[in-house]
Asks: 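One structure follows; several queries about it will come next.
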Amino acid sequence: MASKEQGSPECEAPNGRRKQYVCGGCAGMVNTFPIQKVLFRQQLFGVSTTEAVRQLQRDGMRTLYRGLLPPLLQKTSSMAIMLGFSNDMSRLLLRPGSTPGLVTSSMAAVLAGTVEASLTPFERVQTLLQDQRHHVRYTNTFHAFRTLVRENGMRELYRGTVSILLRNGPSNAVSIGLREPIKSSLPQAETHVGQQVTDFISSGLLGATLGSLYYPLNVVKARKQSQVGGAFQSTWQVLRTICSERGGKLSHLYRGAHLNYHRSLLSWGIINAAYELLMKVM
């Protein structure tokens, strides 16, 4: 979601390209973890926000930040890939002397999303640590990794990869297509502070929109990754099972979507504003 032109001299220089990865990773450290944990319970069990909060209260404060390390590592890495790798791929796909177009940028964004899927093990372990049914079985991030590999093999770390691929690539491409229309619809900023506010609002709205659009895939991913061992079911099979369990009601499939919208609005706004600020000061 960077606003800096991909073909600019600063971005073309090796130091400029490295800076994009560093700034993207630092911006990705922003995390609204307790909200994410409430949201996860709604995705997995289809309960109301009130019931999800009650579940966390029953689990106690001691486990509130259980599973924080995997999303912190995953988000930091994924933002570095999204903001750095996608720009590198845009340059590789360009003809000499040309500038990035929508098709080129979208292809680069899809490729970056595909590379981001290599971080699936972090999301996998995060799911297990946030699920209260696994609190006794897995004590921490490193124990969960070791136990999964020892008992079920490396393949178990990548459960839910297809759902993540279906989410990452298309959402990155849509992000490229909607970024400028959303930003251009806002009042033109004339000051540095105004530019930061514009970056926050445009990125927040874009992140919240994409989060809502691809929300069912996150529900499916949560269900897949809460399972340990057994057959690997397709995304379609899991989606049908969830819909059947929830009475075939679309509103039940989208439980937690309102919380996800506001969380995405806040986190993506902060992430992009932080990235733009870091790109200017580093």
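Residues take their numbers from the sequence shown, with the count starting at 1.
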Asks: Is there side-chain contact between R133 and L44, with heavy atoms separated by less than 4.5 Å?
Replies: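 Yes, at least one pair of side-chain atoms sits under 4.5 Å.
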
Asks: Just to verify, what does S212 make a side chain to side chain contact (heavy atoms under 4.5 Å, CB included) with, not counting sequence neighbours?
Replies: Y261

Asks: Give the other cluster members for I164, using side-chain heavy-atom distances under 4.5 Å between Ile, Leu, Val, Met, Phe, Trp and Tyr residues; answer none if it is isolated.
Replies: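 For I164, no cluster forms, as it stays isolated from other hydrophobic side chains.
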
Asks: Using side chain to side chain contact (heavy atoms under 4.5 Å, CB included) as the criterion, list what pairs up with T241, not counting sequence neighbours.
Replies: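 In terms of side chain to side chain contact (heavy atoms under 4.5 Å, CB included), with neighbours along the sequence ignored, T241 is linked to R223, E245.
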
Asks: Do we see a donor-acceptor contact under 3.5 Å between the side chains of T127 and S226?
Replies: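 No, no side-chain donor-acceptor contact under 3.5 Å.
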
Asks: Who pairs with S264 by side chain to side chain contact (heavy atoms under 4.5 Å, CB included), at least two apart in sequence or on another chain?
Replies: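 Applying side chain to side chain contact (heavy atoms under 4.5 Å, CB included) to S264 gives A208, N260, W268.
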
Asks: Per the ring pair (Phe, Tyr, Trp, His ring centres under 6.0 Å) rule, what does the pair list look like for residues 229-249, sequence neighbours excluded?
Replies: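 Residue pairs with at least one partner in residues 229-249: there are none.
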
Asks: Applying ring pair (Phe, Tyr, Trp, His ring centres under 6.0 Å) as the test, list every pair that has at least one member in residues 103-136; sequence neighbours left out.
Replies: H134-Y138

Asks: Test of understanding: with ring pair (Phe, Tyr, Trp, His ring centres under 6.0 Å), list the residues that count as partners of F45, not counting sequence neighbours.
Replies: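 F45 satisfies ring pair (Phe, Tyr, Trp, His ring centres under 6.0 Å) with no other residue.
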
Asks: For the side chain of R159 and the backbone of Q225, is there at least one donor-acceptor N/O pair under 3.5 Å apart?
Replies: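 Side chain of R159 to backbone of Q225: no pair is present.
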
Asks: Under the ring pair (Phe, Tyr, Trp, His ring centres under 6.0 Å) test, which residues partner F142, sequence neighbours left out?
Replies: none

Asks: What I'd like to find out is whether the side chain of Q130 reaches to under 4.5 Å of the side chain of Q36, using heavy atoms alone.
Replies: yes

Asks: Can you sort out the partners of Y158 under side chain to side chain contact (heavy atoms under 4.5 Å, CB included), two or more places apart, ordered by chain and number?
Replies: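 By the side chain to side chain contact (heavy atoms under 4.5 Å, CB included) rule, Y158 matches T120, P121, T161.
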
Asks: Say whether S203 and K183, considering side chains only, have a donor N or O and an acceptor N or O under 3.5 Å apart.
Replies: no

Asks: Do Q42 and T49 meet the criterion of a side-chain donor-acceptor pair at a distance under 3.5 Å?
Replies: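 Short answer, yes.
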
Asks: Checking Y215 now: which residues fulfil ring pair (Phe, Tyr, Trp, His ring centres under 6.0 Å) with it, not counting sequence neighbours?
Replies: Y254

Asks: Other hydrophobic cluster members with L165, side-chain heavy atoms of Ile/Leu/Val/Met/Phe/Trp/Tyr under 4.5 Å, chained?
Replies: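 Under the 4.5 Å side-chain rule, L165 groups with nothing.
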
Asks: Is a donor from one side chain sitting under 3.5 angstrom from an acceptor on the other, for D199 and Q195?
Replies: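 Side-chain D/A pair, D199 to Q195: present.
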
Asks: Please go through V110's hydrophobic cluster and name the other residues, only I, L, V, M, F, W, Y counting, with side-chain heavy atoms under 4.5 Å joining them.
Replies: none

